[in-house]
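Following: one structure in structure tokens, then a few remarks.
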Amino acid sequence: MRHGQALVLFSGGQDSTTCLAWALEHFGHVETIGFDYGQRHQVELQARQQVLTALRAEFAQWRERLGEDHMIDLAVLGQISDTALTRETEIVMDAAGLPNTFVPGRNLLFFQLAAAVGYRRGLHTLVGGMCETDFSGYPDCRDDTLKALQVAVSLGMGQRFTFETPLMWLDKADTWQLAHTLGGQALVDIVLEQSHTCYHGVRETRHAWGYGCGNCPACALRKAGFERWQALQN
Ligand code: ZN
């Protein structure tokens, strides 16, 4: 019998799918939250539903722990950002070395909104797939950022929240291995077939590492991690 309840920030990508499996293995009741901010990859929002359906179908022990999915409309982010995620522009690196897909500080907002939902639903553990090892330079993915925010949110809501980031110190090869450890080949197959990472929303081509354009920064990380994981297996 697992105890505790958690709310997982779930985008339908490889990282948050692995985090969701991690939460389902560690907590007795798990809910999910996603944010619709006019992503160019609306396909990612479809991937969320397909991943949830596949997890319920494949893992009986997780099915009973997996509760409600909360979808939050964050169209306002489209008004305050000018990035490749929300406009039809090329993905390039800016002067700070950050891809222009960056919506400044978006993870801060995501965690605050998740905490507000968690407060009402009695879910005081928030789980996110942020990672400092292979991250694309996003300062809001850093461990220190999230630890500081955990303190601020807990103080500001008068309720102790714990932010769990099981991928924080893993590289992308480790993340594939974690999926395998949690759910074996069946979970790896769900990540490969159903999760979506590509910034361009490409689903036409199935590579060994899943679907995507193969060239954007997100695909490049996913591909390199998968190939490194495969090499470690042999
Ligand atoms: Zn791509």
Side-chain angles (χ1 to χ4, degrees), residues 1-37 45 48 51-52 55-56 59 61-74 76-77 80 102-171 174-175 178-179 181-183 187 195:
M1 184 66 193
R2 299 288 194 285
H3 297 284
Q5 309 193 32
L7 178 61
V8 178
L9 281 71
F10 178 58
S11 71
Q14 176 189 354
D15 290 349
S16 65
T17 297
T18 306
C19 277
L20 176 55
W22 179 89
L24 288 165
E25 196 58 28
H26 287 86
F27 296 91
H29 177 77
V30 175
E31 298 186 11
T32 47
I33 185 168
F35 303 98
D36 182 355
Y37 50 102
L45 300 180
R48 295 178 83 253
V51 169
L52 291 173
L55 289 177
R56 286 192 172 98
F59 296 96
Q61 75 278 25
W62 292 349
R63 185 187 313 141
E64 56 200 37
R65 297 176 199 152
L66 182 54
E68 265 187 64
D69 180 41
H70 308 276
M71 201 63 206
I72 307 299
D73 182 352
L74 266 189
V76 63
L77 277 192
I80 58 172
F102 184 55
V103 178
R106 66 179 175 182
N107 286 312
L108 307 179
L109 191 56
F110 292 171
F111 266 104
Q112 286 186 48
L113 291 167
V117 171
Y119 185 96
R120 292 194 185 282
R121 307 225 15 110
L123 309 166
H124 302 138
T125 299
L126 308 181
V127 181
M130 296 76 201
C131 170
E132 194 163 319
T133 312
D134 258 350
F135 76 141
S136 301
Y138 300 135
D140 58 339
C141 289
R142 288 180 187 144
D143 196 44
D144 284 352
T145 303
L146 297 178
K147 285 199 162 67
L149 186 64
Q150 174 184 288
V151 173
V153 164
S154 295
L155 288 172
M157 297 211 179
Q159 165 65 52
R160 174 80 176 150
F161 280 91
T162 303
F163 293 4
E164 293 279 3
T165 52
L167 309 186
M168 183 57 74
W169 306 111
L170 305 187
D171 66 21
D174 297 331
T175 301
L178 177 59
T181 302
L182 290 165
L187 182 58
S195 79

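The figures that follow rest on heavy atoms only: side chains count, while hydrogens, waters and symmetry mates do not.
Between L126 and A114, the closest heavy-atom pair is CD2-O, 4.0 Å. Nearest heavy-atom pair, V127 versus A23, reported as atom, atom and distance to 0.1 Å: CG2-CB, 4.4 Å. Taking each heavy atom of F27 and Q5 in turn, the nearest pair found is CD2-N, 3.9 Å. Contact record, G129 with L167: O-CD1, 3.8 Å, taken as the closest heavy-atom pair. When all heavy atoms are compared, the tightest approach of S16 to F10 is OG-CD1, 3.6 Å. Shown here for G128 and P166, the closest heavy-atom pair between the two residues is O-CD, 3.8 Å.
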Result block: side-chain N/O donor-acceptor pairs under 3.5 angstrom for residues 144-152, not counting sequence neighbours:
from	atom 1	to	atom 2	distance (Å)
T145	OG1	P139	O	2.7
K147	NZ	D143	OD1	3.1
K147	NZ	D143	OD2	2.7
Q150	OE1	F163	N	2.8

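With values rounded to the nearest 0.5 angstrom, N107 atom CG is found 11.0 Å from T165 atom OG1. Taking CG from L45 and CG from D36, the interatomic distance works out to 5.0 Å, rounded to the nearest 0.5 Å. Note: M157 CE to Q112 CD = 6.5 Å, rounded to the nearest 0.5 Å. Interatomic distance, CZ of R63 versus CZ of R56, reported as 9.5 Å (0.5 Å rounding). Between atom OG of residue S195 and atom CG of residue L20 there is a gap of 11.5 Å, rounded to the nearest 0.5 Å.
Taking 4.5 Å as the limit, every side-chain heavy atom of L24 sits out of range of all side-chain heavy atoms of F59. In this structure, L187 and L55 have side chains that are in contact, with non-hydrogen atoms separated by less than 4.5 Å. Looking at heavy atoms from C-beta onward, M130 lies out of side-chain contact with D140 at the 4.5 angstrom threshold. In this structure, the side chains of L74 and R106 stay at 4.5 Å or more apart for every pair of heavy atoms.
Side-chain contact of D171 with T133: a donor-acceptor pair under 3.5 Å is absent, judged by distance alone.
Aromatic ring pairs are classed by plane angle as parallel below 30°, tilted from 30° to 60° and perpendicular above 60°; the pair F35 and F110 is parallel.
Take H70 and apply the side-chain contact (heavy atoms from CB on, under 4.5 Å) test, not counting sequence neighbours, and it matches L7, E31, I33, E68, V117, R121.
Test Y119, F111, F161 against V153 for side-chain contact (heavy atoms from CB on, under 4.5 Å) and you get one pass: F161.
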List the steps and the verdict of side-chain contact (heavy atoms from CB on, under 4.5 Å) for R48 and D69.
-> CA-CA 10 Å; R48 295 178 83 253; D69 180 41; 2.7 Å; yes
